[in-house]
K.L.:
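After the structure tokens below, expect a handful of questions from me.
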Amino acid sequence: MLQVSKRIKKTERQKQSANLTDYEQTYRSFSWKDAEKDLAKEASYILNAAHIAVDRHAQTFRKNKIALYYEGENGEKEKYTFLELSELSSKFANTLHTIGIDKGERVFIFLPRIPELYIAFLGILKIGAIAGTLFSAFQEKALIDRLSNSQTKIIVTDAKLFPRVSHILKDLPHLKKVILVERGAKNVPKHPKLLYYSKIMEKISSECKVRQMKKDDPSFILYTSGTTGKPKGVIHRHLAIVQEHVTAKWVLDLKEDDIYWCTADPGWVTGIAYGILGSWSNGVAAVVFGGRFDPSTWYKIIQDYKVTIWYTAPTAIRMLMAASDVSKKYDLSNLRHLCSVGEPLNPEAVVWGQKVLGLPFHDTWWQTELGAICIANYPCMDIKPGSMGKPVPGVTAAIVDDKGNELGHHKEGNLALRPTFPSLMKSIWRRPNKYKSYFVNGWYMSGDRAFRDKDGYYWFIGRADDVIKTSGERVGPFEVESTLVEHPSVVEAGVIGKPDALRGEIIKAFIVLKSDVKPTDALKNELSLFVKKHLAGHANPREVEFIDKLPKTRSGKIMRRVLKAKELGLPIGDTSTLEEY
Ligand code: WTA
């Protein structure tokens with residue numbers, strides 16, 4: 001089994017400055033019921049994640065505190081206080097109400113990272129509707145799947161993204177309106193379904209009574225990819241904010257004077273749980289940068305906003321490592337705590353943080369389905385570089401076999417959790433059997449393979465299935481395959497994640513071409529672009545290989561495991577179900 005590398009020891013001062021000085025004690029005394037009661041008291045017993053995250057602060061000393069520092073792609077800057085965010089989101093909530101949107105109906109946001117995304121998200125929650133977010137790299141095929149399955153009533157988008165929406169309007173019979181955020185667009189589109197954000201927000205009241213929700217009432221839906229079939233709608237409930245709040249406090253270590261930057265897009269779960277809900281519920285000032293990754297720009301954001309807490313992802317860290325010298329040009333001295341999520345954080349990256357930024361990265365582990373951090377290196381713990389850390393108080397984890405029997409230390413198995421924490425998904429949208437399939441013998445099975453060492457630290461090994469993580473973004477091979485087979489030259493496609501030093505994995509597609517089509521390099525390029533154009537910018541296969549035949553089971557299922565083993569030069573394993581190949 002894996003070697004346990006040296007620890008990064010925390011000093012007494014570091015341990016004491018963390019919110020959790022004696023975590024062993026906290027483990028013993030912690031209960032979600034108490035955490036829930038504490039938060040309910042703080043929030044005047046109004047259970048609504050938007051109220052807990054933002055509105056309640058608008059009634060306290062935080063009223064005029066900056067909640068959101070926004071910097072756009074082209075350097076444009078804006079600031080919003082908690083009161084402003086509260087009022088603007090109330091206006092948005094009132095708008096939805098006037099359109100006739102009711103509790104439980106789905107409203108989707110398809111926007112880049114601009115303030116309106118955050119305002120709309122909070123407004124949707126305030127009236128008890130379900131907020132869906134869509135990463136702005138999604139193209140028509142990805143949009144149709146998500147918007148039609150959820151039967152969305154409203155889409156909030158901008159002038160740049162609207163053309164993708166307009167092409168699929170005919171496929172969305174449940175859609176009532178599209179709200180278009182103009183934000184100074186030169187060519188504002190016209191369409192009978194369109195309402196214009198600036199116009200509706202101008203006239204409407206900024207007072208709204210936030211809807212009191214029940215614990216299990218849904219707050220947001222996020223589509224995520226598995227191995228087979230279309231993406232599934234993971235439903236989270238309002239109560240999840242209890243865990244988002246507590247973990248943002250303990251793991252991210254958010255405190256009153258912090259300036260916090262979560263680099264995740266709200267199209268992914270981290271951008272919601274720790275870019276909107278858990279972070280603001282701790283009353284912290286957050287930075288949102290709307291632009292793309294670039295080492296200098298990122299360091300400049302940290303310098304200019306005096307960022308103290310930074311939550312980011314391994315691919316970005318590795319890209320920064322590759323441009324190490326750039327960091328020297330910036331004053332990064334305000335940073336005091338660094339965290340990472342989304343894919344394996346290699347030990348070198350933890351150590352690099354310590355060496356170059358003066359601070360180690362603290363890895364955290366969780367999933368879309370889990371709604372909040374479940375395993376982490378929290379501030380007071382010694383870090384074992386390469387390990388994901390330990391379960392947070394209130395979360396019981398184990399390594400189990402396929403039948404859900406617990407395995408001992410240093411044994412590889414399935415990483416499983418007892419389903420007894422508040423942020424666990426409530427359901428899978430309209431797929432109850434899919435939801436049930438996550439649970440075995442009283443355990444939630446994560447689909448990740450891992451082991452636990454004798455000190456209780458968890459170490460990630462890999463996925464048990466074919467789900468791909470490329471640059472930290474979760475991609476289902478089936479979605480990519482079904483896009484590829486729509487190309488006129490393609491008969492069949494098999495897609496895998498291929499290990500990559502920078503991006504964790506890259507997408508590789510194996511293609512069977514029609515017999516009369518020539519296998520050229522230009523065609524490889526065309527197929528990659530085809531996925532980019534029709535499915536999503538981040539889902540394009542960076543490698544394409546033409547083959548004569550795909551390995552399949554006798555029942556006709558593509559065996560991606562075989563493609564992967566061959567690609568990596570590994571033994572193919574059990575081939576008893578394999579069709580002649
Ligand atoms: C992977 C992201 C290793 C894992 C919040 C998981 C990780 C999937 C880590 C969920 C980590 C997440 N180390 N792997 N610290 N964190 N993963 O749904 O395979 O986008 O199952 O949620 O990312 O990805 P998702």
Side-chain angles (χ1 to χ4, degrees), residues 2 133 135 137 220-227 231-236 240 243-244 247-248 251-252 262-275 277-278 311-318 338-347 349-350 360-378 383-392 395 397 414-417 423-425 428 438 444-452 457-477 479 497 499 503-505 536 538-539:
L2 238 159
T133 54
F135 188 40
F220 67 90
I221 177 169
L222 248 183
Y223 278 81
T224 194
S225 304
T227 304
K232 48 192 187 277
V234 173
I235 295 276
H236 282 291
Q243 191 165 340
E244 289 151 0
T247 49
V251 180
L252 305 180
C262 169
T263 57
D265 188 282
W268 310 112
V269 73
T270 309
I272 294 179
Y274 299 102
L277 298 174
Y311 197 17
T312 190
T315 294
I317 300 169
R318 287 188 291 264
L338 315 179
C339 293
S340 164
V341 67
E343 33 164 344
L345 180 66
N346 31 328
V350 179
F361 280 95
H362 293 70
D363 195 12
T364 67
W365 175 89
W366 54 297
Q367 308 175 296
T368 304
E369 293 87 338
L370 302 178
I373 295 170
C374 286
I375 292 180
N377 290 277
Y378 26 104
I383 297 175
K384 295 189 188 185
S387 159
M388 305 190 289
K390 293 187 184 189
V392 299
V395 169
N414 302 298
L415 174 50
L417 306 173
S423 68
L424 178 65
M425 64 176 166
I428 298 283
Y438 279 91
Y444 164 89
M445 303 285 266
S446 69
D448 283 358
R449 307 279 296 168
F451 75 94
R452 183 183 53 209
Y457 285 67
Y458 283 77
W459 300 74
F460 182 81
I461 293 175
R463 282 292 299 177
D465 59 18
D466 301 328
V467 167
I468 300 167
K469 263 292 166 114
T470 178
S471 301
E473 282 153 1
R474 189 162 154 180
V475 176
E479 270 191 284
R503 293 169 199 277
E505 286 183 321
H538 61 281

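In listed order, ligands and their atoms are each counted from 1.
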K.L.:
Which of the numbered atoms in ligand 1 are below 4.0 angstrom from a heavy atom of Thr270?
P.N.:
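Ligand 1 atoms under the 4.0 Å threshold to Thr270: 5 (C).
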
K.L.:
Taking only heavy atoms of Arg463, which atoms of ligand 1 are found under 4.0 Å from at least one of them?
P.N.:
19 (O), 21 (O)

K.L.:
Please compare Lys469, His362, Glu369 and report which has the shortest non-hydrogen distance to atom 23 (O) of ligand 1.
P.N.:
Lys469

K.L.:
Just by distance, no angles: are the side chains of Glu244 and Ser423 close enough, under 3.5 Å, to form a donor-acceptor pair?
P.N.:
no

K.L.:
List the steps, then state whether side-chain contact (heavy atoms from CB on, under 4.5 Å) holds for Lys469 with Arg474.
P.N.:
CA-CA 5 Å; Lys469 263 292 166 114; Arg474 189 162 154 180; 3.6 Å; yes

K.L.:
Pull out every atom of ligand 1 sitting under 4.0 Å from any heavy atom of Thr368, numbered as shown with elements.
P.N.:
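Listed by number with element, the hits are 18 (O), 20 (O), 22 (O), 25 (P).
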
K.L.:
For Thr312 and Ile317: C-alpha separation, side-chain torsions, deciding distance, then whether side-chain contact (heavy atoms from CB on, under 4.5 Å) applies.
P.N.:
CA-CA 8 Å; Thr312 190; Ile317 300 169; 3.9 Å; yes

K.L.:
How far is atom 11 (C) of ligand 1 from the closest protein heavy atom, and which atom is that?
P.N.:
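Here the closest protein heavy atom is Glu343 O, 3.5 Å.
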
K.L.:
Return a yes/no value for Ser446: is any of its N or O atoms, backbone included, closer than 3.5 angstrom to an N or O of ligand 1?
P.N.:
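Between Ser446 and ligand 1, no N or O pair is found under 3.5 Å apart.
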
K.L.:
Just by distance, with hydrogens left out, do Gln367 and Ser446 show a side-chain donor and acceptor under 3.5 Å apart?
P.N.:
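No, no side-chain donor-acceptor contact under 3.5 Å.
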
K.L.:
Taking 4.0 Å as the limit for heavy-atom contacts, which would you say applies to Thr364 with ligand 1: side chain only, backbone only, both, or neither?
P.N.:
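The part of Thr364 near ligand 1 is the backbone, not the side chain.
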
K.L.:
Distance under 4.0 Å to a non-hydrogen atom of Pro344: what atoms of ligand 1 satisfy this?
P.N.:
3 (C), 13 (N), 14 (N)

K.L.:
Check if Trp366 has a non-hydrogen atom at a distance under 4.0 Å from any atom of ligand 1.
P.N.:
yes

K.L.:
Distance from Leu277 atom CG to Ile272 atom CD1, nearest 0.5 Å?
P.N.:
7.5 Å

K.L.:
Could you check if a side-chain atom of Val395 sits within less than 4.5 angstrom of a side-chain atom of Leu370, using non-hydrogen atoms only?
P.N.:
no

K.L.:
Between Arg463 and Glu505 (salt bridge meaning N to carboxylate O under 4.0 Å), is one present in this structure?
P.N.:
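Looking at Glu505 together with Arg463, the answer is no, because their closest N to O distance does not fall below 4.0 Å.
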
K.L.:
What about Gly342: any of its N or O atoms under 3.5 Å from an N or O on ligand 1?
P.N.:
yes

K.L.:
In terms of ring plane angle, is the pair His538 and Trp268 parallel, tilted or perpendicular, where the classes change at 30° and 60°?
P.N.:
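Answer is perpendicular, since the angle exceeds 60°.
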
K.L.:
If we only consider heavy atoms of Gly447, is any one of them less than 4.0 Å away from an atom in ligand 1?
P.N.:
no

K.L.:
Numbering the atoms of ligand 1 from 1, which are under 4.0 Å from a heavy atom of Asp448?
P.N.:
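Per the distance check, 4 (C), 6 (C), 19 (O), 21 (O).
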
K.L.:
As an exercise, identify every atom of ligand 1 less than 4.0 angstrom from a heavy atom of Gln367.
P.N.:
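Close to Gln367: 6 (C), 10 (C), 18 (O), 21 (O), 22 (O).
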
K.L.:
Check step by step if side-chain contact (heavy atoms from CB on, under 4.5 Å) holds for Trp365 and Asp448.
P.N.:
CA-CA 11 Å; Trp365 175 89; Asp448 283 358; 2.8 Å; yes

